[in-house]
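Take a look at the structure set out below.
What you see below is based on every heavy atom in this structure, not just the backbone, and it leaves out hydrogens, waters and symmetry mates. Letters A, B, ... mirror the listed sequences (proteins, then strands); counts begin at 1.
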Amino acid sequence: MPDVFELGEKVYQSRLIVETGKYKNFEETKKAIEVSGAEIVTVAVRRVNITDPHKENLLDYLSPKKYTILPNTAGCYTADDAVRTCRLAREAGVGKMIKLEVIGDDKTLFPDVPATLEAAKILVKEGFIVLPYITDDPITAQKLQDIGCAAVMPLAAPIGSGLGIRNPYNIRIILEQATVPVIVDAGVGTASDAAIAMELGCHGVLMNTAIAGAQDPILMAEAMRLGVEAGRKAFLAGRIGKKLYATASSPLEGVLA
Amino acid sequence: MKIHINGEEKEILDGFNIAALLEELEIRPGRVVVELNRTIISREAQESTSLKEGDVLEIIHFVGGG
């Protein structure tokens with residue numbers, strides 16, 4: 001049976017979700033996303049520059065026919081703002097799946113958990129497919145799952161920090177009790193971080209800076225694709241247990257006397 | 001008359017509807033969403049929605065972001 005990733009109302013081949021910020025230009029964004037193999041891409045909702053309306057539009061480069069466009073609520077600091085942003089995004093006609101993030105603090109960009117829960121309740125009731133960005137807190141994950149979110153997305157480390165999976169044990173607890181996909185969102189720095197997330201059993205990984213901020217974003221996009229695939233396969237294969245002492249790999253019988 | 005568009009005060013002709021304003025601003029309607037005084041105005045309703053003094057209009061679209 002092929003290993004596919006079910007999220008919301010669709011089935012995907014790729015378990016890597018990429019965001020579209022911080023690239024040099026739309027051309028680079030497009031190329032990196034193609035190479036990453038991602039089928040879901042996040043976008044932000046912002047005011048049109050009315051003094052320069054002819055600027056190119058991101059969707060001219062990332063066709064909603066080819067990709068699932070996942071609007072985010074980046075920059076929202078209250079539940080109200082996040083809900084308003086989601087309603088606007090839905091009106092744009094790219095579907096009803098959204099990445100909910102309600103930021104609690106400028107310096108850490110950690111989520112405001114109570115506000116995230118509040119917004120999630122409203123959005124689920126309004127028929128959105130809600131993917132919330134949260135801290136790696138199993139209780140919050142449980143609550144959001146109970147509300148009806150379609151996934152939970154714990155951070156591995158602060159957004160853009162590249163610190164990797166800071167608390168794999170919490171991620172494991174979240175995974176153990178999850179009845180919805182668990183997607184590591186934020187903190188991945190390099191391909192091994194993505195692989196570790198997948199080896200833990202996460203269903204997907206979401207990232208932006210690790211690719212867009214690399215010296216060679218296109219090459220890193222490929223590395224991330226391979227990292228996610230390697231980690232997923234290793235998880236499915238079932239790794240060996242860790243032991244303190246050696247176990248010989250060659251037969252012990254027939255050794256020359 | 002004066003209205004607010006994306007946080008900026010703008011002088012526009014009386015009787016403009018939203019569709020006409022977007023055309024005036026040279027904004028492709030297919031790629032944007034319009035909110036008037038905190039209410040979303042669907043594309044179909046843009047032509048029949050006239051603007052009045054003091055209206056607060058937000059015109060948004062998708063940009064790269066994470």
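- Note that the CD1 atom of B/Ile27 and the CG atom of A/Asn57 stand 11.5 Å from one another [nearest 0.5 Å].
- Using a 4.5 Å heavy-atom threshold, the side chains of B/Phe62 and A/Leu62 count as separate.
- Both the backbone and the side chain of B/Val63 come within less than 4.5 Å of a heavy atom in chain A.
- Taking the side chain as every heavy atom from C-beta outward, A/Val48 and B/Ile60 never approach each other to under 4.5 Å.
- Each of B/Val32, B/Asn6, B/Ile59 was compared with A/Arg47 under the side chain to side chain contact (heavy atoms under 4.5 Å, CB included) criterion, and only B/Asn6 meets it.
- With a 6.0 Å radius and a threshold of 12 heavy atoms from other residues, nucleotides or ligands, A/Glu34 has its CD atom above the threshold.
- Within the 4.5 angstrom heavy-atom criterion, atoms from both the backbone and the side chain of B/Glu26 approach chain A.
- The candidate with the highest count of non-hydrogen atom pairs below 4.5 Å against chain B, out of A/Asn208, A/Leu88, A/Val45, A/Leu58, is A/Leu88.
- Taking non-hydrogen atoms and a 4.5 Å limit, the residue list of residues 18-31 of chain A in contact with chain B, ordered by number, reads A/Glu19, A/Thr20, A/Gly21.
- The two residues A/Ala44 and B/Gly64 come nearest to each other via the heavy atoms CB-O, 4.3 Å.
- Contact of A/Ala89 with chain B is made through backbone and side chain together, with heavy-atom distances under 4.5 Å.
- For a residue to count as touching a neighbouring chain, one of its non-hydrogen atoms must lie under 4.5 Å from one of that chain's; by this rule A/Val41 does not touch chain B.
- A/Ile50 has its side chain within reach of B/Lys10: a pair of non-hydrogen atoms, C-beta onward, lies under 4.5 Å apart.
- With salt bridges taken as basic N to acidic carboxylate O contacts below 4.0 Å, one links A/Arg84 and B/Glu35.
- No more than 12 heavy atoms of other residues, nucleotides or ligands lie within 6.0 Å of CD in B/Glu23, so this atom counts as exposed by the packing criterion.
- For B/Ile5, the parts lying near chain A are the backbone and the side chain together; criterion is any non-hydrogen pair under 4.5 Å.
- The pair B/Arg28-A/Asp60 meets the salt-bridge criterion, since a charged nitrogen lies less than 4.0 angstrom from a carboxylate oxygen.
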- May I have the step-by-step check of side chain to side chain contact (heavy atoms under 4.5 Å, CB included) for B/Val34 and A/Glu91, ending in yes or no? CA-CA 9 Å; B/Val34 177; A/Glu91 189 65 25; over 6 Å; no
